[in-house]
**Q** 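Dropping the structure in here first, questions after.
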Amino acid sequence: MPLAENLRETLQRIENAAEQAKRPRPRLLAVSKTQATPAVAMLAAAGQRAFGENYVQEAAIKVRDLVDFSLDWHLIGHLQSNKAELAAQVFDWVETVDRAKLITALARYRPAERAPLNVLIQVNIDDEASKHGCPPGEVPALAALIAAEPRLCLRGVMCIPTPHADIERRRPAFRQTRALFDALAAQYPQVDTLSMGMSDDMVLAIAEGSTQVRIGTALFGARPAK
Ligand SMILES: *Cc1c(COP(=O)(O)O)cnc(C)c1O
């Protein structure tokens with residue numbers, strides 16, 4: 001698998017999209033869920049630093065096996081409260097914080113010897129009943145709770161819009177999430193991350209101001225079945 005080649009192409013596409021949109025180049029988060037450790041190691045050897053995982057236990061094994069690469073690990077899947085303890089030990093970032101209970105648990109379990117855990121508030125921007133994430137109106141209250149926890153560092157917001165086949169129809173969700181991010185950044189100086197855009201909609205997300213795209217398929221190819 002020409003993973004290093006995929007990485008170069010993806011970074012180039014990100015660069016082009018940012019240039020086109022006259023925006024700063026967003027960070028690439030390589031989404032490695034269900035990918036075997038050697039594939040992740042190959043991308044790490046090619047220079048990729050930030051990786052996203054959806055399942056806490058699966059990630060714990062990769063984090064352990066790849067510790068020598070000093071990678072940045074982001075949780076981008078839904079987090080059940082009973083997995084908060086392991087998540088707080090394993091990850092550098094949790095991008096799916098959407099309720100008060102999770103904030104308390106992550107703060108409680110973040111090991112004292114680690115840097116504060118970076119967190120993003122996941123917003124259910126399209127108000128989908130089936131989806132995780134908080135309603136947009138709850139962002140300020142959750143942000144205040146996070147900011148009050150010394151073991152957590154509030155870094156921004158994350159969204160997964162409804163996957164309309166017509167990509168253009170995802171624009172309002174990106175734009176609304178950007179507005180929430182701008183409001184937070186105006187209030188909290190450490191807020192610098194707007195996580196939005198995946199393989200099929202990253203150009204649009206970058207045009208709407210994403211600072212981090214989460215890319216799986218375009219880097220690794222189609223995912224093995226879980
Ligand atoms: C799987 C996943 C991605 C990556 O999706 P691709 O379409 O493979 O790029 C991004 N974000 C989240 C939250 C995911 O679960």
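Order of listing sets the numbers, starting from 1, for every ligand and every atom in it. In what follows, every heavy atom counts, from backbone to side chain, and hydrogens, waters and symmetry copies are set aside.
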**Q** As an exercise, identify every atom of ligand 1 less than 4.0 angstrom from a heavy atom of I215.
**A** 9 (O)
**Q** Centres of the F91 and W73 rings: under 6.0 Å?
**A**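 They do not qualify: ring centres at least 6.0 Å apart.
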**Q** For atom 14 (C) of ligand 1, grab the closest protein heavy atom and report residue, atom and distance to one decimal in Å.
**A**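 In this structure, atom 14 (C) of ligand 1 has K33 NZ, 2.9 Å as its nearest protein heavy atom.
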**Q** Looking only at N/O atoms, are R214 and ligand 1 under 3.5 Å apart anywhere?
**A** yes
**Q** Are K62 and E53 close enough for a salt bridge, meaning some N to O gap below 4.0 Å?
**A** yes
**Q** Students should be able to answer this: which protein heavy-atom is nearest to atom 10 (C) of ligand 1, and at what distance?
**A** M198 SD, 3.2 Å
**Q** Just checking, is any N or O donor in the side chain of N16 or Q12 under 3.5 Å from an acceptor N or O on the other one?
**A** yes
**Q** So is G216 polar-close to ligand 1, meaning N/O to N/O under 3.5 Å?
**A**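 Yes; at least one N/O pair falls below 3.5 Å.
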**Q** Between S195 and R155, do the side chains contain a donor N or O and an acceptor N or O under 3.5 Å apart?
**A**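 Result is no, nothing qualifies.
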**Q** Does D200 approach ligand 1 within less than 4.0 angstrom via side chain, backbone, both or neither, non-hydrogen atoms only?
**A**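 Looking at D200 and ligand 1, no heavy atom falls under 4.0 Å.
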**Q** Could you check atom 9 (O) of ligand 1 against the protein and tell me its nearest heavy-atom contact, residue, atom and distance included?
**A** S199 OG, 2.5 Å
**Q** Grouping I, L, V, M, F, W and Y whenever their side-chain heavy atoms are under 4.5 Å apart, do I167 and M202 come out in a common cluster?
**A**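 Yes: a chain of side-chain contacts under 4.5 Å links I167 to M202.
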**Q** If you take all heavy atoms of S210 and P26, which pair is closest and at what distance?
**A**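 That would be O-CB, 3.6 Å.
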**Q** Using a 4.0 Å cut-off to any heavy atom of I160, which atoms of ligand 1 qualify?
**A** 13 (C)
**Q** Tell me which protein heavy atom sits closest to atom 8 (O) of ligand 1, plus the residue, atom name and distance to 0.1 Å.
**A** T217 OG1, 2.5 Å
**Q** Look at the side chain of T177 and the backbone N and O of C159, then say whether any donor-acceptor pair between them is shorter than 3.5 Å.
**A**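 Answer holds: no.
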**Q** For I76, take its heavy atoms, then give the atoms of ligand 1 lying under 4.0 Å from any of them.
**A**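 Answer for ligand 1: 11 (N), 12 (C), 13 (C), 14 (C).
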**Q** Between ligand 1 and E95, can you find any atom pair, the residue atom being a heavy atom, that is separated by under 4.0 Å?
**A**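 Contact check E95 vs ligand 1: negative.
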**Q** My understanding is that only one of R171, H164, R170 makes a side-chain hydrogen bond (donor to acceptor under 3.5 Å, both in side chains) with D201; could you say which?
**A** R170
